[in-house]
Amino acid sequence: MKFDILTLFTGMFSGPFDESIIKRAKDKQLIDISLHNIRDWATDRHQTVDDAPYGGSAGMVMKAEPLSACIESIKAQQPESTVVLTSPHGRRLNHSVALELTERSGLIIVCGRYEGIDERIRSLYAEDDISLGDFVLSGGEIAAMAIVDSVTRLIPGALGSSESAESDSFGDGLLEYPHYTRPPDFKGLTVPETLLSGNHELIRKWRRKESLRKTRTLRPDLLSNVTLTREDRKLLTEIEQEEASGM
Ligand code: SAH
């Protein structure tokens, strides 16, 4: 998968994209990331990328011409890639959006700064618009990193055999069960006995039940979108009974 990122701050990406899973996915050539400095596409002497908004008000707006030239040059080489804007107005990034994005051959991600980009860039080029949530970031770079990271994890082969995207939260529509590692007793809190039993079937069932419990408690909205098995319904009944009896 090809990621082209358009930004005024290419240096921001050097840490997050040079470590761990993203680095490994690049080394395995599962993904290819190119950073493009929008300023390189400004044609005036001062390499201007922003200007005052029409109609007045505080702040600056990212100019259309450098962005347009940059997008068109990348699109000419990769016509199949999808142009994705980052903005608080976009659709919220979640597991199913990330999964959907893995189907594209490439993403051209535009990182805004200041008050945002000239609206005509949206009209002319935007094929998708993604938001991290209902808050305002200082720029689209962190959103672009979140998109690249969440999409890459879902590309087959990106995670090692000991890691799994399916059992991760949202992979099967539920939040993941709780994890424990040594020591068995930490500050008086012990590890659930089933996990120490070595009985794989009991452990599987315990994890499923705790996954259902966590989802029911923290994100009940997710449960309505999951196809529950007979076992799931039985486990949920047990959870309800345990809660009713104050266990
Ligand atoms: N003035 C705009 C916010 C601009 S913030 C408004 O009020 O709607 C500058 C840039 O940061 C945006 O162009 C976008 O690229 C990025 N950004 C800000 N919040 C974001 C969010 N929640 N999700 C994704 N990108 C965001």
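Starting from 1, each residue takes its place in the sequence as its number.
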I'd like to check F3 versus I108 (side-chain heavy atoms, cut-off strictly below 4.5 Å). Are they in contact? no
pair E242-K209: side-chain heavy atoms closer than 4.5 Å: yes
Which atom of C111 lies closest to which atom of T86, heavy atoms considered: CA-OG1, 3.7 Å
Evaluate the criterion side-chain hydrogen bond (donor to acceptor under 3.5 Å, both in side chains) for residue pair S167 and E176; output intermediate values, then yes/no. CA-CA 7 Å; S167 77; E176 201 180 30; 3.3 Å; yes
Would a 4.5 Å heavy-atom cut-off, applied to side chains only, mark V61 and D50 as touching? no
CD/E80: more than 12 non-hydrogen atoms of other groups inside 6.0 Å: no
Surrounding CD1 of I155 (heavy atoms of other residues, nucleotides or ligands, distance under 6.0 Å), is the total greater than 12? yes
Looking at V148 and I109, what are the two nearest heavy atoms and their distance? CG2-CD1, 4.1 Å
Among H36, Q77, K75, which residue meets the side-chain hydrogen bond (donor to acceptor under 3.5 Å, both in side chains) test with D4? H36
Passes side chain to side chain contact (heavy atoms under 4.5 Å, CB included), I239 versus R213? Steps please. CA-CA 7 Å; I239 293 166; R213 192 195 306 275; 3.8 Å; yes
Quick one: are L101 and I130 in side-chain contact, heavy atoms under 4.5 Å? yes
Is it the case that over 12 heavy atoms from other parts of the model lie below 6.0 angstrom from the CZ atom of R120? no
Yes or no on salt bridge (Lys or Arg N to Asp or Glu O under 4.0 Å) for D32 and K26, after CA distance, side-chain angles and deciding distance? CA-CA 6 Å; D32 177 21; K26 286 197 299 188; over 6 Å; no
Got N199 and R204 here, is their nearest side-chain heavy-atom distance under 4.5 Å? no
For the residue pair S105 and S81, what are the closest heavy atoms and their distance? OG-N, 4.2 Å
Is there a side-chain contact between L67 and V110 (heavy atoms, below 4.5 Å)? yes
Chi angles and distances behind the side chain to side chain contact (heavy atoms under 4.5 Å, CB included) call for M12, T7: CA-CA 9 Å; M12 282 181 73; T7 171; 5.9 Å; no
For A42 and T48, which heavy atoms make the closest approach, and how far apart are they? CB-O, 3.4 Å
Could you see if L235 belongs to whatever hydrophobic cluster contains L195? Use Ile, Leu, Val, Met, Phe, Trp, Tyr and a side-chain cutoff under 4.5 Å. no
Just wondering, are more than 12 heavy atoms of other shown residues or ligands nearer than 6.0 Å to NE2 in H200? no
Is atom CZ of F135 surrounded by more than 12 heavy atoms (other residues, nucleotides or ligands) closer than 6.0 Å? yes
Side-chain donor/acceptor of E166 to backbone N/O of G171, under 3.5 Å: no
Within a 6.0 Å radius of atom NZ on K205, are there more than 12 heavy atoms belonging to other residues, nucleotides or ligands? no
Under 4.5 Å between any side-chain heavy atoms of R122 and D129, yes or no? yes
The reported gap from OG in S34 to CD in Q78 (rounded to nearest 0.5 angstrom) is 7.0 Å
Side chain to side chain contact (heavy atoms under 4.5 Å, CB included) for L6 and I74? Distances and angles first, verdict last. CA-CA 10 Å; L6 283 61; I74 298 168; 3.5 Å; yes
Do E65 and W41 have side chains that approach each other closer than 4.5 Å (heavy atoms only, starting at C-beta)? no
Transitively linked via ILVMFWY side-chain contacts under 4.5 Å: Y180 with L196? yes
Using a 3.5 Å cut-off and no angle test, enumerate the donor-acceptor pairs between side-chain atoms of residues 89-96 and protein atoms at least two apart in sequence or in another chain.
| residue | atom | partner | partner atom | Å |
| --- | --- | --- | --- | --- |
| R91 | NE | D128 | OD1 | 3.0 |
| R91 | NH1 | E100 | OE1 | 3.1 |
| R91 | NH2 | E100 | OE2 | 3.0 |
| R91 | NH2 | D128 | OD2 | 2.7 |
| R92 | NH2 | D134 | OD1 | 3.4 |
| R92 | NH2 | D134 | OD2 | 3.2 |
| N94 | OD1 | S96 | N | 3.1 |
| N94 | OD1 | S96 | OG | 3.2 |
| N94 | OD1 | V97 | N | 2.9 |

Stepwise side chain to side chain contact (heavy atoms under 4.5 Å, CB included) check, L212 with L223: CA-CA 8 Å; L212 287 161; L223 273 183; 4.1 Å; yes
What about I38 and L124, same hydrophobic cluster or not, with Ile/Leu/Val/Met/Phe/Trp/Tyr joined at side-chain heavy-atom distances under 4.5 Å? yes
Verify the neighbour count for atom NZ of K23: are there more than 12 heavy atoms of other residues, nucleotides or ligands below 6.0 Å? no
